[in-house]
There are 2 protein chains.
Amino acid sequence: MATKGAKHIPARLRFARNLRSIRKEMNLSQEGLADLANLHRTYVGDVERGERNISIDNMEALAEALGVPLWELLRM
Amino acid sequence: MATKGAKHIPARLRFARNLRSIRKEMNLSQEGLADLANLHRTYVGDVERGERNISIDNMEALAEALGVPLWELLRM
DNA sequence: GTGTGACTTCTAGTCCGTA
DNA sequence: ATACGGACTAGAAGTCACA
């Protein structure tokens, strides 16, 4: 078969990138987002760099803070 | 307006329920799934009961073990 | 085959700084 | 406003014995 590859980017990285790009689209700072999600400034930065293995509760907190559905943050 | 409610079920619970129902559709035991995902039997059970705040890496491991995209497990 | 309590190890998540 | 480090505490990861 032809189209097999795809070699998925790890979910953690997809989440990281989507989080950052959506946050920026909203002209929100990491600090501002952290506040909205009741998380810490530095932690959000770590997550956006893909350095943290974030838990589902906090993923949801961030999604809600951004006002987007969680699956949107897992988009390729 | 009429249809506003929706009162989202927490992502953790949605994940729990979807995981269980998809696993069962595949006639797979918690044990079998745990093996495929390189996780422990009891841990998978805990997750299916929504008792664990699972991290993104393990969510992905379970999704891959089931052969479904991660977002499928977050479906309402 | 699954649920549950208890337990230890490891990392998620906080908070302080400095650049 | 963000990155990054160190040091710390809360809580996730991972395992077991028993129902």
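Convention: sequence-line order gives letters A, B, ...; per-chain numbering from 1.
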Using a 4.0 Å heavy-atom cut-off, does B/Glu51 contact any base of the nucleic acid, only the sugar-phosphate backbone, or nothing at all? sugar-phosphate
Contact class for B/Asp46 (heavy atom, under 4.0 Å): base, sugar-phosphate, or nothing?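 Base, at least one base atom sits under 4.0 Å.
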Using OP1 and OP2 only, check whether a side-chain N or O of [X] sits under 4.0 Å from [N].
{"X": "B/Arg52", "N": "C/dA12", "value": "no"}
{"X": "A/Asn53", "N": "C/dT11", "value": "no"}
{"X": "B/Asn58", "N": "D/dA13", "value": "yes"}
{"X": "B/Arg41", "N": "D/dA17", "value": "no"}
{"X": "B/Thr42", "N": "C/dT2", "value": "no"}
{"X": "B/Asn38", "N": "D/dG14", "value": "no"}

Between [N] ([atom2]) and [X] ([atom1]): distance, integer Å:
{"X": "A/Arg23", "N": "D/dA3", "atom1": "CZ", "atom2": "C1'", "answer": "12 Å"}
{"X": "B/Tyr43", "N": "C/dG5", "atom1": "OH", "atom2": "P", "answer": "17 Å"}
{"X": "A/Arg20", "N": "D/dT2", "atom1": "CZ", "atom2": "P", "answer": "8 Å"}
{"X": "A/Ile56", "N": "C/dA12", "atom1": "CD1", "atom2": "P", "answer": "15 Å"}
{"X": "A/Ile54", "N": "D/dG11", "atom1": "CD1", "atom2": "P", "answer": "15 Å"}

Is it true that a side-chain atom of B/Arg41 and a backbone atom of B/Glu31 form a donor plus acceptor pair closer than 3.5 Å?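 The answer is no, because no donor-acceptor pair under 3.5 Å joins these two groups.
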B/Arg75 side-chain N/O to B/Asn18 backbone N/O, donor-acceptor pair under 3.5 Å: no
Should we count CZ of A/Arg49 as having more than 12 external heavy atoms under 6.0 Å?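 Yes, because the 6.0 Å sphere around CZ of A/Arg49 holds more than 12 heavy atoms from other groups.
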